[in-house]
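All chains are named by letter (A, B, ...) in the order of the sequence lines, taking the proteins before the strands, and each is independently numbered beginning at 1. Computed over heavy atoms, backbone and side chain alike; hydrogens, waters and symmetry mates excluded.
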2 protein chains.
Amino acid sequence: MTSFTEENYLKIIYLLTERHNGNEVSTNQLAEHTQTKAASVSDMLRKLAEKNYINYRKYQGVTLTDAGEQIALGVIRKHRLWEVFLVEKLGFGWDEIHDIAEQLEHIDSKELTKSLDDFLGNPKFDPHGDPIPDSKGKMPSVSYQKLSDIPLNQSVVMMGVSVHSPSFLQHLDKNQITLGCTLKIREISEFDKSYSILLDEKNTIFVSNEVARNLLVQMQES
Amino acid sequence: MTSFTEENYLKIIYLLTERHNGNEVSTNQLAEHTQTKAASVSDMLRKLAEKNYINYRKYQGVTLTDAGEQIALGVIRKHRLWEVFLVEKLGFGWDEIHDIAEQLEHIDSKELTKSLDDFLGNPKFDPHGDPIPDSKGKMPSVSYQKLSDIPLNQSVVMMGVSVHSPSFLQHLDKNQITLGCTLKIREISEFDKSYSILLDEKNTIFVSNEVARNLLVQMQES
DNA sequence: ACAAAATTTTAGACTAATCTAAAAAAATAT
DNA sequence: ATATTTTTTTAGATTAGTCTAAAATTTTGT
């Protein structure tokens, strides 16, 4: 059996490892993301290592074993499916769903996950553009680029975000930046590196460098 | 804050009190329904009494206070709404939903409960015929009778069940007894008190006395 | 290369929820 | 009406997950 808490640790280790391109996750990072103290994390890592869910060398950080990764992917799959449900069926905004999905992701029922997936039409991406692991526990690979790495005047499609905070998402809403919209960088300010962007070939909008770095985009039709 | 465990105790106390027409619930009964030992229940009762969720006199059993009842009704409301979701939207059978709803009932989000309720069309009954408490925490009163208390040849409508075990529900499925069907008792066997029943004015079926005692029915059109 | 700083682990303690065993109270049966 | 049985509570332990404080290890800065 895997407890609620263990599932959370495994999920966070997966997501942080992914963010670090496969590099080990540190104790302090985990403490930050689990909202606990480093000492508590150390204890939990010992326990997860005993269960063979993580590769753990003291002081050297951790990565997931295959067993741990399967559990993490199952939780992430549920999280993202529920997020689709909340937005597509219940009408929530993409900025309102994270905390609810954090709870729903731990509901334990193979049949429920299967039925929910079918009910939603077997979606491949969640409302933030993140890929949904398949039922076999495989994470689809995606290759998005930061908008800030795209050259001037190259048309790209908005595919995802690398920050999920409500305030960031609400900021995008205000600027009418949604998944699937077209973006073309017109100019980068010499002064503050902020961006002037043509949105959907129609309106020009201005976004900070920080926004541009957290928008994930793709060249037309891939 | 009310923990998952406390919510469960309060819910069970509510349901058992209801079953006993408002009489106190005993420690042993709670132990049975919480799958724990009497000693553990005693501890929890002390704690719930301290929080003013129950009226507790040692050795005398417990009832809920208004505060405790509100929490219990909130949990029961969520449980029954999720059951409707599982059957109406995901296609589960009424015999498959209890364990999943036991988990979903503890998801804590006012907005989610509200949206789910609307999504489902504000249902008043769950798939077993049990009434769904309203958003103000009021349980609708229903007046059903046991089929076994109905006179011969009186047409009644099937409204609910007083046992929720999968095996009982599957037994009803096999006999095509569903919520809303019409039942008319034709004969009660001298020998084993089993029932011969006219179903939907068409087929005659035979059910045991035990089944008849656990079917809740109502006179036509009330 | 080594001292200082930062990070991580260990030690010992706490809380929530559970348990077993024993004591206390209530119910029952002759 | 009192002895026996049943039920309930208390006492003392256990486990999971957390904490603070102190010790151990690694990293950083000169």
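Tested against A:Asp126, the residues A:Arg80, A:Arg77, A:Lys78 include a single salt bridge (charged side-chain N to carboxylate O under 4.0 Å, His left out) partner, A:Arg80.
For B:Thr5, the side-chain atoms get nearest to C:dT18 when compared with the rest of C:dT18, D:dT8, D:dT10. Of the candidates C:dC19, C:dT7, C:dT18, the closest approach to any side-chain atom of A:Asn28 belongs to C:dT7.
Nucleic acid contact class of B:Thr27 (heavy atoms, under 4.0 Å, all strands): sugar-phosphate only.
Taking atom CG of B:Asp43 as the reference point, atom C1' of D:dT9 lies 9 Å away to the nearest angstrom. Look at OH on B:Tyr59: it is 7 Å from P on C:dA26, rounded to the nearest Å. Summarising the geometry, the separation between CD on B:Gln60 and P on D:dT7 is reported as 15 Å, rounded to the nearest angstrom. The distance between atom CG of A:Leu30 and atom C1' of C:dT7, rounded to the nearest whole Å, is 13 Å. Rounded to a whole Å, the CD atom of A:Gln29 is 15 Å from the C1' atom of D:dT27.
Listed pair B:Lys37 / C:dT20 meets the phosphate criterion, a side-chain N or O lying under 4.0 Å from OP1 or OP2. Within the structure, every side-chain polar atom (N or O) of B:Ser40 is placed at least 4.0 Å from both OP1 and OP2 of C:dT18.
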Side chain to side chain contact (heavy atoms under 4.5 Å, CB included) between A:Asn209 and A:Asp192: does it pass, once the steps are laid out? CA-CA 8 Å; A:Asn209 186 275; A:Asp192 62 1; over 6 Å; no
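Between B:Lys114 and B:Asp117 there is no salt bridge, since none of the side-chain N atoms of the basic residue sits less than 4.0 Å from a carboxylate O of the acidic one.
Taking the centre of each ring, B:Phe85 and A:Phe85 come in below the 6.0 Å mark.
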